[in-house]
There are 2 protein chains.
Amino acid sequence: MDRQERNAQFMRALMDLRSLVLEGEFVPGDRLPETTLAERLGLSRTPLRQAMDRLVDEGLLERNETGGVRVSRFSMDDIRDAIELRGVLEGTAARLAAERGIRPGLAEEMAQVLDGLDRATEGELDFKAYVPLNDRFHDLLARLAGSSVIAREVERMGRLPAASPGAFMQGQELIPDFRASLRRAQWQHRAIFDAIRNREGARAEALAREHARLARTNLEYVTSQDPSLAERVPGLSLVGE
Amino acid sequence: MDRQERNAQFMRALMDLRSLVLEGEFVPGDRLPETTLAERLGLSRTPLRQAMDRLVDEGLLERNETGGVRVSRFSMDDIRDAIELRGVLEGTAARLAAERGIRPGLAEEMAQVLDGLDRATEGELDFKAYVPLNDRFHDLLARLAGSSVIAREVERMGRLPAASPGAFMQGQELIPDFRASLRRAQWQHRAIFDAIRNREGARAEALAREHARLARTNLEYVTSQDPSLAERVPGLSLVGE
DNA sequence: TGACCGATTTCTGTATACAAACTACCTTCT
DNA sequence: AGAAGGTAGTTTGTATACAGAAATCGGTCA
């Protein structure tokens, strides 16, 4: 929690509106008039407009010619490209971390996260433990190059619609072979960190890129094999055409 | 321009404040109280706050613990990383354009820009013509992959402080060997487009990355050889330590 | 002299008022 | 019937009022 009171209305507007949109409460193209929505969310237009600006920046909403906002419509290509970009940026973070070397503190933290992920995937799958550890891995990876600029932009990519590292974790316990898929992911986590420690920049970059493509595989599975899962992936209800 | 009247105060706040900060009107760390600044810029707090939010997002300003904003302090490493990231993203745009193929319309447009750049660099250097054409090249490159997601994020990278393709063009007519440097840049422009047309994705990516490093070379020249030039590069006045 | 405390001022977050632009609907005229 | 125009109702952009938090400053007391 950033600041509990300082920003309360704005934070509430941001969270609530983002949830509404991601959960498919609106249809792509729907206009979101400020007055109506402010009343519905129980706050004034000022913090709501701030939240709208932010969500426009994230790509979830878009501005129409007269200044109002509407819910964005995504194509599968948009999501595919967002995932690709996350891979590219995480790859860059990994490469730079390898080239520059990493701080011992971060290395230690990363080792603990990886051990935790091992425990969550070996034997019986512990999904509840896996998800937050996976988030921490990706958060650490963003910061591993020791650059605030890199960290900021990597994290930003994870906020693009359906591109976050955990975006396809929601309904995956239903995917056959899911445990094997997470084991492969964890093997990649280890390989990425190994490459970074060995100062193998190119290898680290390639591995991180490939790792992001797991999300793309899941995207393709969800849409082609089991469209009923699509509702459980936040944001996928906005895919049109 | 976008909309002349619709957003007038916000646009004015954004442009004016960005100019003030980039031109070094403030010292890094300076607080920017809303009331005072709104009065100075001749508008109300509402559009000014919008502009501040945007500039915080761009990295030019940062928020302090109590919600106010102050002017950011950059290190050389920050600028170096921002340039690196621009190279990575332009490289990705180039690679994807190569892999996916490009629309004939864009190819034609790109050919014209490259011809114009040739004319501006052969014989007597036409600096006034070069700068806007160079901007158009980078704008086109961002859109060449045919993805709005890619285009948006590539363009965003160019707005990070001192990372834009033209950031170091300001004082460069004073740099010795400047004409030769622009000829090398133009040679790279041609090579990037050639790789894209030949569907050589890896080559296109590597070339675009290397092209961005010209900015880094210029950064190092300016800071080590001729610090007096630093004042003429927008944003470089914010580099502290 | 120095530290602590309180009052005053400043600053930010939020709500709201107001005006200009836009939309939509209804009427009227050809 | 269809087009044009006007009017009422939304909707957004901007300014401003107000409350609570933070900072500042001065004074008092040890």
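Note on naming: letters A, B, ... go to the chains in the order of the sequence lines (proteins, then strands), and numbering restarts at 1 for each one.
- Note on Asp57(B) versus Arg156(B): salt bridge recorded, some NZ/NE/NH1/NH2 to OD/OE distance being below 4.0 Å.
- Where Thr35(A) and Leu43(B) each meet DNA chain D at their nearest nucleotide, the meeting point lying more 5' is that of Thr35(A).
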Shorter than 3.5 Å, N or O on both sides, protein versus nucleotides 18-22 of chain C: list them out with atom names.
{"residue": "dA21(C)", "atom": "O3'", "partner": "Arg6(B)", "partner atom": "NH1", "Å": "3.2"}

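- Across the protein-nucleic acid pair, Glu34(A) atom CD and dG13(D) atom C1' stand 9 Å apart, rounded to whole Å.
- Side-chain N/O atoms of Arg12(A) include none lying less than 4.0 angstrom from OP1 or OP2 on dT14(C).
- Following rounding to the nearest Å, Leu48(A) (CG) and dT14(D) (C1') show an atom-to-atom distance of 16 Å.
- Checked options Arg45(B), Arg31(B), Met52(B); the residue passing with Leu37(B) is Met52(B) (criterion: side-chain contact (heavy atoms from CB on, under 4.5 Å)).
- When the nearest nucleotides of DNA chain C are assigned to Arg31(A) and Leu32(B) by heavy-atom distance, the more 5′-ward of the two goes with Leu32(B).
- OP1 or OP2 of dT14(C) has not a single side-chain nitrogen or oxygen of Thr46(A) nearer than 4.0 Å.
- The side chain of Ser44(B) has dT16(D) as its nearest neighbour among dT16(D), dT14(C), dT12(D).
- Atom-to-atom, CG of Leu37(B) to C1' of dT12(C) comes out at 14 Å; the value is rounded to the nearest Å.
- By the 4.0 Å N-to-carboxylate-O rule, Asp77(A) lies too far from Arg100(B) to be salt-bridged with it.
- The CG atom of Leu41(A) sits 15 Å away from the C1' atom of dA15(C) (whole-angstrom rounding).
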After noting the C-alpha distance and the side-chain angles of Arg213(A) and Ile83(A), does the key distance pass the side-chain contact (heavy atoms from CB on, under 4.5 Å) rule?
CA-CA 7 Å; Arg213(A) 292 200 61 129; Ile83(A) 293 172; 5.8 Å; no
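- Atom CE in Met52(B) sits roughly 11 Å away from atom C1' in dT12(C) (whole-Å rounding).
- Within the 3.5 Å criterion, the main-chain N or O of Glu231(B) finds no donor-acceptor partner in the side chain of Ser237(B).
- Between Arg49(A) and dA15(C), a side-chain N or O to OP1/OP2 separation shorter than 4.0 Å is absent.
- Of the residues Glu90(B), Arg86(B), His189(B), the one that meets the side chain to side chain donor-acceptor pair (under 3.5 Å) test with His211(B) is His189(B).
- Asn7(B) places its CG atom 12 Å from the P atom of dA15(D), with the value rounded to the nearest Å.
- Glu65(A) places its CD atom 12 Å from the P atom of dG13(D), with the value rounded to the nearest Å.
- Atom CG of Asn64(A) is separated from atom C1' of dT23(C) by 12 Å (rounded to the nearest Å).
- Under the 4.5 Å side-chain criterion, counting only non-hydrogen atoms from C-beta, Leu160(B) is not in contact with Asp78(B).
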